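The structure appears below as structure tokens.
Nothing here was measured: the structure is a model prediction, and the numbers come from that model.
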Amino acid sequence: MRLSVLLPLPLGPLSYLAPEGCARAPAPGLRVAVPFRKGVRVGVVVGVEDAAEGDFALRHAIGYLDEEPFLDEAGIAFLGRAAAHYFTPAGQLLADLVPFLEPPLRHEVRLVDGAARPDLTGLTLWRDAAELDPALLDELREGGVLEERVREQKPTRKTLVPLREPTEKLTPKQQAALETLRALGEAESQTALAAAAGVGPGVVRALVEKGYAGWREVELELAPPAPAGPALEPLPVPEPPPRINGGRWAERLQLAAGLASEGETLVLFPERYVLERAYDRWPPPALPFHGGQSPELRRALWREKPPVVLGSYQALLMPRRWRRIVVMDEGSDSYKLASGSRAHAVHLAELRAELLGAELYYLSLTPAVEVVEKPGLLVRPPRTRVLPIDLRRERGWPLSGRAVELLAQVPEKGRQALVLVARRGYSGRLFCKSCDWQPICPNCDLPLRFHKPGRRGRLVCHQCGHSEPAPEVCPACGGEVFGYSGPGVQWVAEEIQRRLPELPVYQYSAERKDDLTPLQRGEPGAVVGTTALLRTPAPPELALILLPYAEGFLPASDFRAPERYHRLLWQLADLHPTRSPLIALQTFEPDHPAVEALIEGDVTGVPETELVLRRMLGYPPAVRMVVLEFSHRQEATARAAAMDAAEFLQKRLGDYLETAPFAPLLGPAPAPVPRIRGRYVFHLILRAPEPDLLRDWLSDLPPPKGARLRLDPDPVGFVGLLED
DNA sequence: AGCACGCCGACT
DNA sequence: GTCGGCGTGCTC
């Protein structure tokens, strides 16, 4: 028999012969250990055929790891379909979705009976394969004289257990300690037992030395923590439409629980923090499943069959016949996988549902543009109180007089404020006031951000991490006066503290996470931070949310920016579980549609108009769009590779160029950030309303000369992957 | 992805 | 003369 084995590597399936001397029939979906290069890797059987004449001698697989298939047939089919859609090998997708696939292995070998290897007499008994030279193992395997067995090493822990009955030989204290151990069954450590029995540590040590108690390796029983909060009441909807919007967070959870109440439901979450908060309130029984859990725990939970799983994208391949998949907050950027296949988890969920024949639901405060046309149900959105502060009229930067007044009221009333800034550090830009010089990252062609932890401060690249001390005088003209623009967390926090010295001010961003427990306890204060703040629980007395520069959240080069801005603003309205804090927006665009929608309490209008615009301009979802990224250390090499590809595609597209509703080929052009980490990047964009066309064009594309080509098959914002 | 192989520049 | 940079190709 010949196996097609998918390894969690960016490769297609590899062929192996079925394990030698293994009675088990191979079945698709089983995990199998295989020799790969000089070692052993674990993959999944995705196909079984009769052995045929091969171009080369196949190696034998070593053995299966599972009783029950790790993946089901629908999951295997899904991997193939998704791989084709994302122009990536199926193994890449397997690696992305199941990074915990490979367990630690117990791998033993010995020579088969009668093997004529007098030089290896030590190998007639089972030996741990790790003790032997991989080259020797390979040679023996080739020669067909090696017997192997392999299994998943279960996670264990050491525990102190009683080994014998107490006898008269023990002192009274030793007897008491042993009785305690027998009553408890086991103890974590000698000290723990001593404490439990009320004796000194020496007594327990004596028990162990005399052999009355001893250490035993026991299997680690793995379980997620119990939900931490009171369970919410499910809110079932009769004949629910595929899209449900509006409501408060807890209300949407109730609706999700209602959708899941018939069981066999996967509830998909964009990020771990949201998932954990939902799990804490979810009516049992349900299990969480996400990348924050240990690989051992995820492997253990993989086999569980709870009626409901609250999962991240890593739960998508679980061997379950879901009847429903509920996608929470489908518009979240976090669904986009930032590396590897760069797939989009919402799309993967759609594909999985399609192949399973499962019902799919989208449940969010504001719908994504991609789903806004589906039949929907609107629950009343949270009440909003919005105060736009027009920066074209108000004085004061980065804090207007109005903003300071609002902030001043916060401690007076014993309330709390949240100040949201798009940048971390002190300022987005630093420049010389006399000659306009500004520092650029030596690796990235991006302005260096100014951070101000000390007197002088540092210049930091938010792309590659490059950091240098800020200059004291301008290196270009010797000027000594610097200007700043693009206020960051530090600047705003400093300014608030300067204007309101009595107000306790906290900072919260990736680089500085102040302890917010005083706020959580209800003490007055203000916290200034980036969107990292949205992943902490809202302070209980939250009365004001201030955005000193709201457009900071609206990157101009991204066609999804208005949708994301709208989603962010609504997220603010839903931050506090019950209150409606005042949302004060300092902005040059107080009549931006997203701001108006927030004022009017409209959650679907902006996505609806965005959809119309995208159709007019030929952006997703009206077209499928793929970005080709050519990069190289030498600018000319990267550009030439992009030009070659453009030329090829120009010819390949032929007549389609004339008939296409939108220009199907854009570029090449330098990427929005022309150089990252020392590599020049050029972009070429392909788009067509018919996704199959793109696949044809790209399948013919010759590999680039010199430069590296990476595809972004689902560009969620061209600068969206840049951190800021 | 990792890893080996292979080809050109800066060092003992 | 070698060390080591990374560009290229392959993994059953």
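- Computed from coordinates, the R41(A) CZ to dC3(B) C1' distance equals 12 Å when rounded to whole Å.
- Taking a cutoff of 4.0 Å between a charged side-chain nitrogen and a carboxylate oxygen, K38(A) and D133(A) do not qualify as a salt bridge.
- Considering only side-chain atoms of P10(A), the nucleotide from dA1(B), dA4(B), dC12(C) that sits closest is dA1(B).
- For L14(A), counting side-chain heavy atoms from C-beta on, the closest listed nucleotide (dC12(C), dA1(B), dG7(C)) is dC12(C).
- Distance CD (E20(A)) to P (dC12(C)): 17 Å, rounded to an integer number of Å.
- Heavy atoms of G91(A) sit nowhere under 4.0 angstrom from any nucleic acid atom.
- Heavy-atom contacts from other residues, nucleotides or ligands closer than 6.0 Å to CZ of R59(A) number more than 12.
- Residue pairs meeting the salt bridge (charged side-chain N to carboxylate O under 4.0 Å, His left out) criterion with at least one member in residues 668-681 of chain A, sequence neighbours excluded: D445(A)-R675(A).
- Taking atom CZ of R708(A) as the reference point, atom P of dG7(C) lies 10 Å away to the nearest angstrom.
- In this view, H347(A) and H85(A), Y86(A) satisfy the ring-ring contact (aromatic ring centres under 6.0 Å, His included) rule, not counting sequence neighbours.
- Taking atom CG of L6(A) as the reference point, atom P of dA1(B) lies 15 Å away to the nearest angstrom.
- Picking from dT11(C), dC12(C), dG7(C) the nucleotide with the shortest atom distance to the side chain of L11(A) gives dT11(C).
- Comparing dA4(B), dC12(C), dG7(C) against the side chain of K38(A) picks out dA4(B) as the nearest.
- Residue F36(A) contributes atom CZ, which lies 10 Å from atom P of dC3(B) at whole-angstrom precision.
- Here the side chain of L58(A) is nearest to one of dC12(C), dA4(B), dG7(C), namely dC12(C).
- Note: F630(A) and F682(A) fail the aromatic proximity criterion, with ring centroids not under 6.0 Å apart.
- In this structure, R633(A) atom CZ and dG9(B) atom P are separated by 17 Å, rounded to whole Å.
- Distance, L7(A) CG to dC10(C) C1': 14 Å, rounded to whole Å.
- Rounded to whole angstrom, the span from the CD1 atom of I62(A) across to the P atom of dC12(C) amounts to 12 Å.
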